[in-house]
**Student:** 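The structure follows.
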Amino acid sequence: MARPNEEVAAHLQEYADLISITGDEQFKARVYEKAARSVAGYPEDISKADVKTLRGIPNVGASIADKIVEYFHDGGTFAALEELRAKIPAGVRRMIEIPTLGPKRAMTLYEQLHVSSVEELSAAIDEGRLQGLKGFGARTEDNLRHGIELLHHAGDRLLVNAAMEVAENVVDALSTVDGCVRCTYAGSLRRMRETIGDVDVLAAAERSDALMAAFVGLPLVAEVIAHGAAKTSIRTATGLQVDLRVVPPSAWGAALQYFTGAKAHNIRTREIAVRHKLKLSEYGLFDAPTNTLIVSETEEEVYERLGLPWIPPPLREDRGEIEAALSGELPDLIQTKDLRGDLHTHTNLTDGVASLAEMVGAAARLGYAYLAITDHAPNLFMQRMSDEKMLAQREELRALAAEHPKLQLLHGTELNIDPDGEVDWPAGFLAGFDLCVASVHSHFNQSRKEMTRRFVRACENPHVNIIGHPTGRLIGRRQPYDVDLEVVYEAAARTGTALELNASPERLDLSAEHLIQARRHGVRFAINSDAHATTHLPNLRYGVGTAQRGWLTADEVINTWPLRKLRTFLNKSAS
DNA sequence: GCCGTTTTCGGCCCGACTGTTTTCAGTCG
């Protein structure tokens, strides 16, 4: 079940879409869009909020606050939305998801041809009914046909690591092109979103033609969508869109600022510019009356001239970072270099593919100060763990310690939280571990009440130090457990149990949104790779990206701490 | 419909590319 805030946001967004399809009151549509984003990002549950509280949410005024109250009172809708739903079939709204078809021409198709679904549009094209319709030429017909294809085969958004691989390949290739001064990826990838819709690459050069030619000639290009002097877009065989923008080297900072921020963040920064009688574009910050350039070379200059400190890319979502920047309250975000070690890793003793020695060697080469090995406990029966195997691994670990004087090795385990909240092994055996991660690996379908109690009991176990992947989601594949996380956050903070930020790109669990909620309770976090191979250890970069999106500082993350402080935290029963 | 360094009305981000048009509207990010 989605949070109430997200349900309301979805309905406000639908209302905005329907307003924009009707064609009048475009500014009203924009306000509802802005309100939808504000509501989705508002940290408190709004289902019980009164009108006064609701009006305190940015972009929510009297009219929208009333509609939200009405929404909760009338079982999930409001009258104005129902009126527009009655006017515009749901299929017409679905039509604007077709690439190249927007609200204006969707409405034309509906009014002129009574086309009210993607399927009817397909049929209308095949029957030649679009011919002669004003604004719809032969090319438009082809584009709509192709757009419908894409809509039907639209791959889901890519996981961040898959998109990163494509982006780094493109950047590497373009960086060697003659005349290329700088090249990097921007967009949602630079903001480290957990999934990526398309990849944005930015290059600086005096002339763009060589870069554009090299780009469309890359082996990964399956289709060229648009090919201009400033911007070229391609699609790969897997359907991923990659955009290349080329700007003059002197405009690098303004362009990077423009192509990094979420749309909402960019609108906010441009609005600030307008208030200062300035104009901000990808080419620079200009004095509006005279159109003379003020700054453009670095992002820092652009933000500074707007009266803002430089804002780290993962924060650029219009989720309060502008306000925090204006009041000098931006968080000092955790950095990858702050992490001293990894507290959740596996070996081939259970389901990992690397040996203990290989995992330890890889961590030593990465310069970690400490590493915890946390193989699965016996109740995950398929892994065939036993007391003897675990104790033998501990001996082997202690022996390896001598070979790696700079790396402190911790012997741990990943326990299974059973349906009652109990874990593998009696307390006496658990006391022999340096730390215990505990995770849910079965009985995913318990009621919300049972699942919540299960997590709280695990937190209350004096030997459980970290709750592993707390929601259990697999991005795009498995829904999170139904659990009251607010109660879990409270229990974790109260008992000195850290919540994991599992850095595996298919999990990223807790998510950035959950981190923002959890940190309000004073929760401590552990950013762990959950590596099942040495190549997974560097996935911590995605965990740090997610942590930054969740506004985390280094001191909130236990594996940035020196070992002595970490050991005190791990010794729960003593405190 | 919201908002305020243009403050209770009048404005609301900016530019690139495409297609259909012949000077611009629509879409996208």
Side-chain angles (χ1 to χ4, degrees), chain A residues 12 15-16 19-21 23-38 54-68 80 95-109 130-144 146-147 186-188 191 196-202 208 212 224-233 241-247 251 254-255 257-286 288-289 291 306-307 318 326:
Chain A
L12 292 175
Y15 189 57
I19 293 170
S20 68
I21 291 170
D24 24 69
E25 306 186 285
Q26 290 309 317
F27 290 114
K28 188 164 138 186
R30 226 192 103 199
V31 166
Y32 275 92
E33 267 177 33
K34 284 161 70 168
R37 280 194 307 268
S38 300
L54 292 170
R55 291 199 58 176
I57 302 172
N59 305 305
V60 175
S63 175
I64 295 181
D66 285 346
K67 288 186 176 70
I68 295 173
M95 277 160 55
I96 68 175
E97 290 171 28
I98 300 170
T100 74
L101 184 62
K104 288 283 191 300
R105 290 189 303 173
M107 193 59 176
T108 303
L109 288 165
L130 269 58
Q131 283 162 27
L133 194 60
K134 192 168 155 54
F136 290 79
R139 297 298 302 274
T140 300
E141 237 177 62
D142 289 345
N143 287 341
L144 287 177
H146 188 50
S188 54
R191 301 198 310 278
I196 305 296
D198 51 43
V199 169
D200 293 303
V201 175
L202 178 66
S208 69
M212 294 305 187
V224 177
I225 302 167
H227 193 359
K231 173 182 171 181
T232 293
S233 299
Q241 182 173 329
V242 184
D243 297 336
L244 172 65
R245 293 289 303 242
V246 180
V247 296
Q257 195 279 331
Y258 178 68
F259 293 114
T260 297
K263 186 175 174 172
H265 174 90
N266 288 354
I267 290 175
R268 292 295 304 277
T269 51
R270 288 177 175 210
E271 284 172 349
I272 291 172
V274 169
R275 280 209 296 281
H276 288 77
K277 290 189 162 56
L278 304 172
K279 182 187 71 168
L280 179 60
S281 79
E282 57 264 55
Y283 297 112
L285 188 62
F286 298 85
N291 211 30
L306 292 173
D318 191 24
L326 285 169

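Per chain, numbering begins at 1; letters A, B, ... match sequence-line order.
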**Student:** Could you pull out the closest heavy-atom pair between A:Tyr283 and A:Ala230, with the gap in Å?
**Tutor:**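 Taking every non-hydrogen atom into account, OH-CB, 4.2 Å.
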**Student:** Would you indicate what A:Ala273 reaches in the nucleic acid, counting non-hydrogen atoms under 4.0 angstrom: base, sugar-phosphate, or nothing?
**Tutor:**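 Since no nucleic acid heavy atom lies under 4.0 Å of A:Ala273, the category is nothing.
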**Student:** What pair of heavy atoms forms the shortest contact from A:Gly307 to A:Leu326, and how long is it?
**Tutor:**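 It is O-CD2, 4.2 Å.
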**Student:** Choosing from B:dG15, B:dT5, B:dG29, which nucleotide comes nearest the side chain of A:Glu282?
**Tutor:**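 The nucleotide sitting nearest to the side chain is B:dG15.
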**Student:** What is the distance, rounded to the nearest whole Å, between atom CZ of A:Arg37 and atom P of B:dC13?
**Tutor:** 11 Å
**Student:** Expressed in angstrom and rounded to an integer, what is the separation of A:Lys134 atom NZ from B:dT20 atom C1'?
**Tutor:** 9 Å
**Student:** Can you tell me how far C1' in B:dT18 sits from the matching atom in B:dT23, rounded to whole Å?
**Tutor:**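 After rounding to an integer number of Å, I get 15 Å for this pair.
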**Student:** Hey, does the side chain of A:Arg270 come within less than 4.0 Å of B:dC14's phosphate (OP1/OP2), counting only N and O?
**Tutor:**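 So the side chain of A:Arg270 is outside the cut-off, no N or O lying under 4.0 Å from OP1 or OP2 of B:dC14.
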**Student:** In whole angstrom, give me the gap between the C1' atoms of B:dC12 and B:dT6.
**Tutor:**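 Comparing C1' positions in B:dC12 and B:dT6 gives a spacing of 13 Å.
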**Student:** Checking all strands, does A:His227 fall into the base, sugar-phosphate, or nothing category for heavy-atom contacts under 4.0 angstrom?
**Tutor:**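 Counting heavy atoms under 4.0 Å across all strands, the contact made by A:His227 is with sugar-phosphate only.
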**Student:** Examine distances only and state if a side-chain atom of A:Asp200 and a backbone atom of A:Ala186 form a donor-acceptor pair shorter than 3.5 Å.
**Tutor:**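 Here the side-chain-to-backbone pair does not exist.
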**Student:** Stepwise, does the side chain to side chain donor-acceptor pair (under 3.5 Å) test hold for A:Ser38 with A:Asn59?
**Tutor:** CA-CA 7 Å; A:Ser38 300; A:Asn59 305 305; 3.0 Å; yes
**Student:** Identify each atom pair where a protein N or O and an N or O of nucleotides 7-12 of chain B are less than 3.5 Å apart, giving names and distance.
**Tutor:**
unit_1, atom_1, unit_2, atom_2, d
B:dC12, O3', A:Arg30, NH1, 3.2

**Student:** Given B:dT18, is OP1 or OP2 found less than 4.0 Å from the side-chain N or O atoms of A:Thr140?
**Tutor:** no
**Student:** Does B:dG29 have OP1 or OP2 under 4.0 Å away from a side-chain N or O of A:Asn266?
**Tutor:** no
**Student:** Name the nucleic acid region contacted by A:Gln26, choosing base, sugar-phosphate or nothing; use a 4.0 angstrom heavy-atom cut-off, strictly under.
**Tutor:**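 It contacts nothing in the nucleic acid.
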**Student:** Counting only side-chain heavy atoms from C-beta out, which of B:dA16, B:dC13, B:dG1 sits nearest to A:Tyr32?
**Tutor:** B:dG1
**Student:** Is there a donor and acceptor pair, one atom on the side chain of A:Tyr15 and one on the base of B:dG1, closer than 3.5 Å?
**Tutor:**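 Check fails, no donor-acceptor contact within cut-off.
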**Student:** What nucleotide among B:dA16, B:dT18, B:dC14 has an atom nearest to a side-chain atom of A:Asn143?
**Tutor:**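 Comparing B:dA16, B:dT18, B:dC14 against the side chain of A:Asn143, the answer is B:dT18.
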**Student:** Just compare B:dA16, B:dC2, B:dG19 and give me whichever is closest to any side-chain atom of A:Arg245.
**Tutor:** B:dA16
**Student:** Name the nucleic acid region contacted by A:Phe259, choosing base, sugar-phosphate or nothing; use a 4.0 angstrom heavy-atom cut-off, strictly under.
**Tutor:** nothing
**Student:** Heavy atoms only, 4.0 Å cut-off, all strands: where does A:Lys34 land among base, sugar-phosphate and nothing?
**Tutor:**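 It contacts nothing in the nucleic acid.
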**Student:** What is the separation between atom NE2 on A:His265 and atom C1' on B:dG29, rounded to the nearest whole Å?
**Tutor:**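 About 15 Å, once rounded to whole Å.
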**Student:** Specify the closest pair of heavy atoms between A:Thr232 and A:His227, including all atoms of both residues, with the distance to one decimal.
**Tutor:** OG1-ND1, 3.2 Å
**Student:** Quick one, give me the B/S/- string for nucleotides 23-28 of chain B, reading 5' to 3', where B means a protein heavy atom under 4.0 Å from the base and S means that only happens at the primed atoms, P, OP1 or OP2.
**Tutor:** ---SSS
**Student:** Do A:Lys104 and A:Thr108 get their side chains close enough for a donor-acceptor pair, meaning under 3.5 Å?
**Tutor:** no
**Student:** A:Ala62 near the nucleic acid: base, sugar-phosphate alone, or nothing, with a heavy-atom cut-off under 4.0 Å?
**Tutor:** sugar-phosphate
**Student:** Both distances below 3.5 Å, Watson-Crick or wobble geometry, any strand: find the nucleotide opposite B:dT8.
**Tutor:** none
**Student:** Has the side chain of A:Arg105 got a donor or acceptor atom that lies under 3.5 Å from a matching backbone atom of A:Thr100?
**Tutor:** yes
**Student:** From the options B:dT18, B:dT6, B:dG1, select the nucleotide whose nearest atom is closest to the side chain of A:Lys277.
**Tutor:** B:dT6
**Student:** A:Ala29 near the nucleic acid: base, sugar-phosphate alone, or nothing, with a heavy-atom cut-off under 4.0 Å?
**Tutor:**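 If one applies the 4.0 Å heavy-atom cut-off, A:Ala29 turns out to touch nothing in the nucleic acid.
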